[in-house]
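Report on the structure given below.
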Amino acid sequence: MPYWAIFWYSNQKHQRFLAMTDNSFILQELLYRGDVSFRVHNVKITNFLHGQDLPMMFLAHYDSLPDDIKNQKPLDLSLLKHMNDKVTAAMACDMLGLSHGTIKPANHLKVNGTSVIVFDDFPLALHLSFTNTAKENQTTYGSLSSLLSNLSTSILFTGNVHVLHKNPTKTLKSTDLNENTIIIAPQNDYTRLPNSHAMATTHVLNTLQQNSPKTLEFLTIAISERVFEHFNQIQQPTNT
């Protein structure tokens, strides 16, 4: 683990930001320094899939049942061999000999998107990718609105990271999780970080999201608002 990751974990409650020269910076450190302020430039939704009662593992349907029904319908060997089979709620009811509706249809949500955040004083821009779950989709037996309302707490940063660094008077470096360091040369176009450095960057963001969520509220709230806006747009009937 590189020193900046050790620094984060060991000093989470009493952060003392690492000293550095005025013209040399490490990208991953900038994301959690208290004297650095990023803003959201844009949020774009690239994929929004919502479905109801999509086939899911039989065991997931069974686990959603209240305990009294589970006690009446214990999993025997004939059911256990189907526990990983993907079925609808109605099919799961049939397998258990329950009336349709006993197992409620689930709501499923998968969101992918991108966001650009900017540190104006550098200046520096990061193009990030995000999703609401690393799984095929996020599932709830409650309403879709409740799933959307809690979206900010489930956002994951993943995939490619692109950096826009134009200032030749500042040296910008990136350190991956194996302590390999590269220099990000200033140029007019975005630079795609190597995979290991993109992973180190999203690792810092996801760690902040988990351990210090207020640090990323400026971004997670903006993403949530954009997802709600997108959902409302696709719900509106098209005028013909």
Side-chain angles (χ1 to χ4, degrees), residues 4 8 12 15 17 25-51 107-140 142-167 172 174 184 189-193 197-236:
W4 50 262
W8 162 250
Q12 182 181 347
Q15 293 188 28
F17 296 105
F25 301 85
I26 294 177
L27 173 63
Q28 289 74 21
E29 289 176 3
L30 291 176
L31 294 171
Y32 59 78
R33 283 184 59 178
D35 57 344
V36 171
S37 179
F38 281 90
R39 64 175 175 84
V40 178
H41 176 66
N42 65 42
V43 177
K44 298 180 180 179
I45 307 302
T46 57
N47 178 55
F48 186 99
L49 293 176
H50 165 242
N107 279 295
H108 309 267
L109 180 67
K110 181 70 173 184
V111 178
N112 297 94
T114 63
S115 179
V116 174
I117 59 174
V118 178
F119 173 28
D120 289 301
D121 291 342
F122 198 87
L124 171 70
L126 294 181
H127 183 277
L128 307 167
S129 298
F130 64 85
T131 183
N132 65 316
T133 177
K135 299 178 181 178
E136 186 176 354
N137 53 62
Q138 194 175 5
T139 302
T140 180
S143 65
L144 177 63
S145 60
S146 66
L147 196 59
L148 290 170
S149 297
N150 294 318
L151 187 69
S152 63
T153 62
S154 62
I155 290 170
L156 292 173
F157 298 94
T158 184
N160 293 331
V161 174
H162 296 81
V163 180
L164 184 59
H165 164 44
K166 296 182 179 181
N167 192 341
L172 182 63
S174 173
I184 303 171
D189 295 323
Y190 277 95
T191 298
R192 179 183 176 276
L193 292 182
H197 292 264
M199 183 180 298
T201 305
T202 57
H203 173 77
V204 171
L205 291 168
N206 289 327
T207 300
L208 286 170
Q209 166 75 332
Q210 181 178 359
N211 296 331
S212 183
K214 286 190 175 297
T215 307
L216 285 187
E217 273 188 347
F218 78 98
L219 178 54
T220 56
I221 289 176
I223 291 173
S224 296
E225 290 176 347
R226 182 65 188 93
V227 171
F228 262 110
E229 180 183 340
H230 181 85
F231 175 69
N232 289 332
Q233 287 174 347
I234 63 177
Q235 290 296 105
Q236 293 176 359

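On a predicted model such as this, the values are computed, not experimentally measured, just so you know.
Residues passing the salt bridge (Lys or Arg N to Asp or Glu O under 4.0 Å) test with Glu136, sequence neighbours excluded: Lys86.
Nearest heavy-atom pair across His197 and Ser174 is ND1-OG, 2.8 Å.
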Hey, can you pull the donor-acceptor pairs under 3.5 Å for the side chains in residues 155-164, sequence neighbours left out?
| residue | atom | partner | partner atom | Å |
| --- | --- | --- | --- | --- |
| Asn160 | OD1 | Arg192 | NE | 3.4 |
| Asn160 | OD1 | Arg192 | NH2 | 3.0 |

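Side chain of Gln209 to backbone of Ser152: a donor-acceptor contact under 3.5 angstrom is found. At distances below 3.5 Å, not a single donor-acceptor pair connects side-chain atoms of Lys135 with backbone N or O atoms of Lys110. Judged by distance alone, the side chain of Asn132 and the main-chain N or O of Leu151 form no donor-acceptor pair under 3.5 Å. Counting only distance, with no hydrogens or angles, the side chain of Ser115 and the backbone of Asn42 share a donor-acceptor pair below 3.5 Å. Counting only distance, with no hydrogens or angles, the side chain of Ser149 and the backbone of Ser145 share a donor-acceptor pair below 3.5 Å. Judged by distance alone, with hydrogens and angles left aside, the side-chain atoms of Thr131 form a donor-acceptor pair with the main-chain N or O of Val111 at under 3.5 Å.
Between Phe48 and His230, the ring planes are tilted. Angles from 30° to 60° get that label.
No option in Leu216, Ile117, Thr215 other than Ile117 meets the side-chain contact (heavy atoms from CB on, under 4.5 Å) test with Phe38. Among Leu147, Asn137, Leu144, the single residue meeting the side-chain contact (heavy atoms from CB on, under 4.5 Å) criterion with His108 is Asn137.
Within the model, atoms CG of Leu30 and OG of Ser37 stand 12.0 Å from one another, a figure rounded to the nearest 0.5 Å. The structure places CG of Leu208 at 9.5 Å from NE2 of His203, a figure rounded to the nearest 0.5 Å.
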